[in-house]
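Bear in mind the structure is a predicted one, so any value in this text is a computation, not a measurement.
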Amino acid sequence: MIIADSGWMAHALRLAEHGLHTTSPNPRVGCVLVKEGKVVGEGWHMRAGEPHAEVHALRAAGKAAHGATAYVTLEPCSHHGRTPPCADALIAAGVTRVVAAMQDPNPLVAGQGLKKLAAAGIATDCGLMEAAARELNIGFYTRMSRGIPWIRSKIAASLDGRTALNNGTSKWITGEAARRDVQHWRARSCAVLTGVGTVLADDPQLNVRAIPAGRQPLRIVLDSHLRMPPNASILSGGALLIYTASADADKRAALQQSGAEIVLLPGANGQVDLHAVMRDMARRGINEVLVEAGRTLNGALLKAGLVDELVLYLAPQLLGDAARGMAELGELTQLQQRVTMQWQDVRQVGGDLRIVARITKEK
């Protein structure tokens, strides 16, 4: 690796971030073409079905791409999908070196792009700033490697970990700045997931508002017994997917008439099969899921080992022992049963504290 490589790759990663809200189900990718120490072309992937980052950069560079080094945040693709292979485009343009931050986890690529480039006589390097590139596409990487999306649960709570009063009152525990910050997490997510209990209690819409959005996430509701009311706000304003364990044809027909897609995935005890839900979401190309739910669903997902990350907004207030907690985990009798986490980020948002914590496995 050349010392200057890190600076150019950092620039490519910044370009990739422009697609944070728009590329789903594709990964966020940036590309910079450098020749004689100067940028001759750059680009990022904007939307699925549109040209990839390498193609935008090559178009910007034109003939100057010949003899250039390409810095790309993900291994160039080698297969025909909605667009032609980027590896072929780099070869045709006469690029002499390609530096990739990470290998593409997609089994259709998985090193084949770099092999194709090397076979054409192009020097290749892979692994520069890999951790940052993987973090940018944590959902895509998880879907490709584990066959399920990255599950991020957002919880707004008091300092003593309470999300609502015992009577259900919860508006508003956190301040306006924190609520606005949530919109950014929604915008980067492929889907927002909640339970029917939250729909019945709060009648949410769960769409992106108050900030510019290139697209709206798919809204998903877990409704084991199809208790969704026909006048629920979430039934309007965009695509809605309902997972259920109920085969009640009349209830299904009524909700389908309102525009919802109903998927039957029954599990144990008359509830929706959570693991089957995750696999189905992955098959739909869903990379990142933001869970905005109550203690019942949060607890069920945590106990099933399906939550990857928590985004906690803690307000400087105490709501007392009788108020509702974050997650129903039942009684733990051994410390080995606890859910352990690692801090990822801690910062103040308005008058509240935002903590991003990643679930770890107890050793």
Side-chain angles (χ1 to χ4, degrees), residues 149 151-157 162-174 179 182-183 185-187 189-210 213 215-274 276-278 280-281 284 286 289-302 304 306-307 323-328:
I151 306 299
R152 178 183 291 120
S153 184
K154 184 276 296 183
I155 300 174
R162 305 297 171 171
T163 60
L165 298 180
N166 194 39
N167 62 13
T169 301
S170 62
K171 295 183 179 180
W172 296 103
I173 293 175
T174 53
R179 298 196 297 275
V182 171
Q183 300 299 314
W185 292 104
R186 284 184 185 175
S189 301
C190 304
V192 179
L193 172 69
T194 194
V196 70
T198 297
V199 173
L200 294 171
D202 300 334
D203 193 29
Q205 290 183 306
L206 298 182
N207 54 5
V208 180
R209 49 190 184 273
R215 57 164 180 79
Q216 288 289 340
L218 173 66
R219 283 93 50 79
I220 302 176
V221 179
L222 302 188
D223 186 0
S224 293
H225 306 295
L226 291 180
R227 295 187 292 148
M228 174 83 70
N231 61 343
S233 297
I234 201 168
L235 285 167
S236 60
L240 177 67
L241 173 62
I242 299 175
Y243 289 108
T244 186
S246 172
D248 189 310
D250 292 337
K251 290 182 178 180
R252 288 165 61 92
L255 291 170
Q256 287 170 332
Q257 191 172 4
S258 298
E261 179 183 357
I262 314 295
V263 176
L264 182 64
L265 290 177
N269 303 318
Q271 302 298 310
V272 169
D273 185 330
L274 294 178
V277 165
M278 298 301 153
D280 187 72
M281 287 194 293
R284 293 168 181 267
I286 294 173
V289 177
L290 183 66
V291 179
E292 297 194 46
R295 57 184 178 177
T296 301
L297 182 53
N298 278 324
L301 291 169
L302 283 165
L306 294 172
V307 178
R324 300 179 182 181
M326 295 183 185
E328 289 182 354

Using a 3.5 Å cut-off and no angle test, enumerate the donor-acceptor pairs between side-chain atoms of residues 217-225 and protein atoms at least two apart in sequence or in another chain.
{"unit_1": "Arg219", "atom_1": "NE", "unit_2": "Ala239", "atom_2": "O", "d": "3.1"}
{"unit_1": "Arg219", "atom_1": "NH1", "unit_2": "Gln205", "atom_2": "O", "d": "2.6"}
{"unit_1": "Arg219", "atom_1": "NH2", "unit_2": "Ile234", "atom_2": "O", "d": "3.0"}
{"unit_1": "Arg219", "atom_1": "NH2", "unit_2": "Ser236", "atom_2": "O", "d": "3.1"}
{"unit_1": "Arg219", "atom_1": "NH2", "unit_2": "Gly238", "atom_2": "O", "d": "3.1"}
{"unit_1": "Asp223", "atom_1": "OD1", "unit_2": "Leu226", "atom_2": "N", "d": "3.0"}
{"unit_1": "Asp223", "atom_1": "OD1", "unit_2": "Arg227", "atom_2": "N", "d": "2.8"}
{"unit_1": "Asp223", "atom_1": "OD2", "unit_2": "Arg227", "atom_2": "N", "d": "3.0"}
{"unit_1": "Asp223", "atom_1": "OD2", "unit_2": "Met228", "atom_2": "N", "d": "2.9"}
{"unit_1": "Ser224", "atom_1": "OG", "unit_2": "Gln271", "atom_2": "OE1", "d": "3.2"}
{"unit_1": "Ser224", "atom_1": "OG", "unit_2": "Val272", "atom_2": "N", "d": "3.1"}

Side chains of residues 195-202: which donor-acceptor partners sit under 3.5 Å, not counting sequence neighbours?
{"unit_1": "Thr198", "atom_1": "OG1", "unit_2": "Gly294", "atom_2": "N", "d": "3.3"}

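Taken from SG in Cys190 to CD1 in Ile286, the straight-line distance is 6.5 Å, to the nearest 0.5 Å. Interatomic distance, Ile262 CD1 to Leu241 CG, rounded to the nearest 0.5 Å: 8.0 Å. Distance check: Ile155 CD1 to Asn298 CG gives 4.0 Å after rounding to the nearest 0.5 Å. In this structure, CG on Leu290 lies 8.5 Å from CH2 on Trp185, to the nearest 0.5 angstrom. Separating the OG1 atom in Thr296 from the CZ atom in Arg324 is a distance of 8.5 Å, to the nearest 0.5 Å. Note that CD of Gln216 and CG of Leu206 are 10.5 Å apart. Values are rounded to the nearest 0.5 Å.
The side chain to side chain contact (heavy atoms under 4.5 Å, CB included) check on Asp203 picks up Ala232, Ser233, with sequence neighbours excluded. Lys251 is linked by a salt bridge (charged side-chain N to carboxylate O under 4.0 Å, His left out) to nothing, counting only residues two or more places apart in sequence or in another chain. In this structure Arg209 satisfies the salt bridge (charged side-chain N to carboxylate O under 4.0 Å, His left out) test with no other residue, sequence neighbours excluded. Scanning for salt bridge (charged side-chain N to carboxylate O under 4.0 Å, His left out) contacts around Asp273 gives an empty result, with sequence neighbours left out.
With contacts defined as side-chain heavy-atom distances shorter than 4.5 Å, the pair Gln256/Ile242 does not qualify. Here the side chains of Tyr243 and Met281 are in contact, with some heavy-atom distance below 4.5 Å.
A cation-pi arrangement, defined by a distance under 6.0 Å to the six-membered ring centre and an angle within 45 degrees of its axis, is present between Arg179 and Trp172.
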- Task: Begin with the C-alpha distance, continue with both residues' side-chain angles, and end with the deciding distance and a verdict on side-chain contact (heavy atoms from CB on, under 4.5 Å) for Met278 and Leu306.
- Result: CA-CA 8 Å; Met278 298 301 153; Leu306 294 172; 4.0 Å; yes

- Task: Go through the steps for Asp280 and Arg284 under the test salt bridge (Lys or Arg N to Asp or Glu O under 4.0 Å), then give the verdict.
- Result: CA-CA 6 Å; Asp280 187 72; Arg284 293 168 181 267; 2.7 Å; yes

- Task: Take Arg162 and Met326 through the test side-chain contact (heavy atoms from CB on, under 4.5 Å) and record every step on the way to the result.
- Result: CA-CA 6 Å; Arg162 305 297 171 171; Met326 295 183 185; over 6 Å; no

- Query: Can Val291 and Leu301 be said to form a side-chain contact (heavy atoms from CB on, under 4.5 Å), step by step?
  - Reply: CA-CA 10 Å; Val291 179; Leu301 291 169; 3.9 Å; yes

- Item | side-chain contact (heavy atoms from CB on, under 4.5 Å) between Val307 and Arg152, intermediate numbers included | CA-CA 6 Å; Val307 178; Arg152 178 183 291 120; over 6 Å; no

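Between Ala245 and Gly270, the closest heavy-atom pair is CB-O, 3.5 Å. Residues Ala247 and Leu264 share a closest heavy-atom pair of N-CD1, 4.3 Å. The two residues Ile173 and Ala164 make their nearest non-hydrogen contact at CD1-N, 3.9 Å. Closest non-hydrogen pair, Ala157 versus Thr163, comes out as CB-CG2, 4.1 Å. Nearest heavy atoms, Ser258 versus Pro230: OG-O, 4.4 Å.
Within a 6.0 Å sphere centred on CG of Asn269, heavy atoms belonging to other residues, nucleotides or ligands number 12 at most.
Here the side chain of Thr244 pairs a donor or acceptor atom with the backbone of Ser246 at under 3.5 angstrom.
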